[in-house]
Amino acid sequence: MPRGRVVLDHFLLAALSVWVLAGCYTSGAFDGWYAPVPPIGFGLCVVAALGYHHTTLEHRAAASLGLLAVMALCGLGAHTAGAPTSATVLWIVVSVMAMERLPLRMGLATVAVLVTGFVEADETGFVGAGVTTAAVLLAGYSLRLDAQARGAGFQLLAQERLAREAEAASAALAERARIAREIHDVLAHSLSAQMVHLEVARLKIESGAERAEILELVTSARAMAREGLAETRHALSALRGDMVPVEDYLRDLAREGRTLVEVTGEHRELPAEASQAVRRVAQEALTNVRKHAPGARTRILLAYETDRISLEIRDSGPPPTVADDGDGGRRDGGGDGGDGLGLGSSGSGYGLRGMRERAELLGGSLDAGPEGAGFAVRLRVPA
């Protein structure tokens, strides 16, 4: 309830209380030793009203009716002592309180019981009692509707607060899942390749191979570990929004081989997940080119479109001097069950199938397969 409304209600109640007490004394009914009776009765009514407030909040109908009966009896005592105005005011307050906070049938029954008091206390008889009863019903029902509206508003506010908390929790879980996916992709790519090289090195040592061969394998594993650490830092920077533009990243990747990078469309900032999808797919595709078609010419086309970002990576296939991989240039692996397009014997275990799943999570698509003498990968994600 607004603060101004609370102050006004308390002021009106205080003014009404002073008026009732003054009426008790000016009526002459409480002269002499009856003088302490009005303050005592008023104090009893205040205690009953406070108790009524709590019992109605706890939905204790019987206790609420009992407390209203105490207040009504105080009014009856004032009327018997010769203070009809004070009695009428008390009965009006009791009727309005019943209409506002009790179940509607109980409130109407309470007003019906007190109508007799209105008739008896009002000098005009039934006409005045009827007007008083109508005013009581109108005021009580209006306050009832106002209380219901405020209750519904508080309930909606509480539901909105819960919805915001649930949304924040869902966003936090989604962010954790995204971080976990990025770190998993990086570590799965680098650690599994390191394991393969270290395992080969162990077998070489057991077979008594030359020191230079073993050193080369260990050096390769060390380079992969350094690269994995750098990729982890890149992933974390991307998740924080602190990263270089996608096209600059692609040009850095292109320096490692015979790769041409083309960018079309107007550059714009990309969402972190879309940017990471482009980077991961490009890295995976170029790794496959180096593995399956070393020395091939590769073309990377990045296109900024109206509502999405497109990436195409196409290679020319292995040069004639490079031996075929034995299955017509097909690039499977990574445990894809025959239709995945992963890192094959490097054992990364996620390959382009993982990238396809990432694209589908973003509402996009990834297509990969042989094209002419080479291989093509096409990614499209909303951005």
Side-chain angles (χ1 to χ4, degrees), residues 171 174-190 223-291 296-316 341 343 348 350-368 374-383:
E175 182 68 10
R176 292 174 186 172
R178 186 162 68 100
I179 293 173
R181 185 169 61 249
E182 295 295 341
I183 301 303
H184 169 269
D185 286 352
V186 172
L187 294 181
H189 184 278
S190 62
M224 291 176 184
R226 187 186 299 111
E227 181 182 354
L229 182 60
E231 286 297 326
T232 303
R233 291 197 186 100
H234 283 309
L236 292 176
S237 297
L239 293 171
R240 289 194 299 264
D242 181 20
M243 54 184 172
V244 298
V246 173
E247 49 266 36
D248 293 344
Y249 178 84
L250 295 178
R251 292 188 181 99
D252 288 339
L253 285 180
R255 293 174 184 172
E256 302 178 7
R258 303 170 64 188
T259 305
L260 174 65
V261 178
E262 297 180 18
V263 180
T264 62
E266 184 178 355
H267 169 79
R268 64 177 182 271
E269 293 295 328
L270 299 177
E273 290 195 349
S275 176
Q276 281 297 95
V278 171
R279 295 164 193 258
R280 290 285 168 262
V281 169
Q283 182 187 41
E284 181 70 18
L286 290 180
T287 300
N288 275 338
V289 171
R290 291 194 299 269
K291 177 178 180 294
R297 293 184 178 276
T298 308
R299 177 177 176 267
I300 299 177
L301 175 61
L302 179 69
Y304 288 95
E305 301 178 8
T306 303
D307 57 351
R308 66 181 180 180
I309 187 78
S310 298
L311 176 70
E312 178 182 280
I313 302 175
R314 182 190 305 171
D315 66 79
S316 59
L341 301 163
L343 288 176
S348 82
Y350 74 108
L352 292 180
R353 184 178 67 177
M355 296 299 99
R356 183 179 294 113
E357 293 172 355
R358 178 196 289 266
E360 291 173 354
L361 285 175
L362 297 177
S365 63
L366 185 141
D367 300 316
F375 200 82
V377 177
R378 294 181 178 88
L379 170 71
R380 297 177 180 84
V381 291

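Contact annotation: the side chain of Leu379 never approaches that of Arg358 to less than 4.5 Å [non-hydrogen atoms, C-beta and beyond]. In this structure, Leu260 and Arg297 have side chains that are not in contact, with every pair of non-hydrogen atoms separated by 4.5 Å or more.
The CG atom of Asn288 lies 11.0 Å from the CD atom of Gln283; values are rounded to the nearest 0.5 Å.
Among pairs with a residue in residues 301-312, those fulfilling salt bridge (Lys or Arg N to Asp or Glu O under 4.0 Å) read Arg299-Glu312, Glu305-Arg308, Glu312-Arg314, Glu312-Arg378, at least two apart in sequence or across chains.
Here Thr264 pairs with Leu301, Ala303 under the side-chain contact (heavy atoms from CB on, under 4.5 Å) rule; sequence neighbours left out. In terms of the side-chain contact (heavy atoms from CB on, under 4.5 Å) criterion, residue partners of Leu286 (sequence neighbours excluded) are, by chain and number, Leu253, Thr259, Arg290, Thr298, Ile300, Ile313.
Residues Ala274 and Ala383 come closest through the heavy atom pair CB-CB, 4.3 Å. When all heavy atoms of Tyr304 and His267 are compared, the closest pair comes out as OH-ND1, 3.1 Å. Taking all atoms of both residues into account, the shortest heavy-atom contact from Thr306 to Arg268 is O-NH2, 3.9 Å. Closest approach of Arg380 to Asp367, counting heavy atoms only: NH1-OD2, 4.0 Å.
Tested against Val381, the residues Leu311, Ile309, Leu361, Leu366 include a single side-chain contact (heavy atoms from CB on, under 4.5 Å) partner, Ile309.
No donor-acceptor distance shorter than 3.5 angstrom exists from the side chain of Ser275 to the backbone of Leu270, with no hydrogens or angles considered.
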